[in-house]
Amino acid sequence: MSWWQLVAVSLSCALVLVVLFAGVIVGGLLVARDALVDDYPPAIRERHGPQGARGKRAAGVMGALNAVIC
């Protein structure tokens with residue numbers, strides 16, 4: 001296998017993983033907009049309010065799917 005083939009395969013795999021990761025994140029945020037509110041800075045968390053039950057479930061599912069993808 002030449003270096004160019006190795007680079008092409010590596011970039012293809014990286015592209016697939018990035019698309020899957022982005023799809024999980026965007027899909028989770030479409031389901032529950034507050035899914036990632038715990039990762040925001042404190043000022044934003046104060047303005048937005050606490051994370052709801054649906055957001056917690058969506059965050060858990062997103063984390064599990066990303067773990068499976070990795």
Side-chain angles (χ1 to χ4, degrees):
M1 179 180 279
S2 73
W3 282 103
W4 293 114
Q5 289 174 330
L6 182 64
V7 168
V9 169
S10 299
L11 289 176
S12 299
C13 290
L15 180 65
V16 167
L17 289 175
V18 165
V19 167
L20 288 174
F21 177 76
V24 168
I25 297 297
V26 170
L29 290 175
L30 289 174
V31 170
R33 295 192 70 182
D34 63 342
L36 299 177
V37 77
D38 285 343
D39 295 332
Y40 295 159
I44 295 175
R45 277 186 270 158
E46 288 175 11
R47 189 174 350 142
H48 185 275
Q51 186 179 35
R54 186 174 185 175
K56 288 180 183 179
R57 285 192 308 271
V61 170
M62 287 168 33
L65 286 175
N66 282 326
V68 168
I69 289 171
C70 288

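These figures come from a predicted structure and were not determined experimentally.
When hydrophobic residues (I, L, V, M, F, W, Y) are linked wherever their side-chain heavy atoms come within less than 4.5 Å, the members clustered with L15 are V19. Within the hydrophobic cluster formed by Ile, Leu, Val, Met, Phe, Trp and Tyr side chains joined at under 4.5 Å, directly or through other members, W4 stands alone, with no partner residue. If you chain together ILVMFWY residues whose side-chain heavy atoms come under 4.5 Å of each other, V18 ends up in a group of its own. Taking Ile, Leu, Val, Met, Phe, Trp and Tyr as hydrophobic and joining them when side-chain heavy atoms fall under 4.5 Å apart, one finds M1 in a cluster with W3, L6.
With sequence neighbours left out, the side-chain contact (heavy atoms from CB on, under 4.5 Å) criterion links L20 to V16, I69.
A chain of hydrophobic side-chain contacts below 4.5 Å, direct or via other Ile, Leu, Val, Met, Phe, Trp or Tyr residues, connects L17 to I25.
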Could you list the donor-acceptor pairs under 3.5 angstrom formed between side-chain atoms of residues 41-59 and any protein atom two or more places apart in sequence or on another chain?
residue	atom	partner	partner atom	Å
R45	NE	Y40	O	2.8
R45	NH2	Y40	O	3.2
Q51	NE2	D34	O	3.2
Q51	NE2	A35	O	2.8
Q51	NE2	G55	O	3.4
R54	NE	V31	O	3.3
R54	NH2	V31	O	3.4

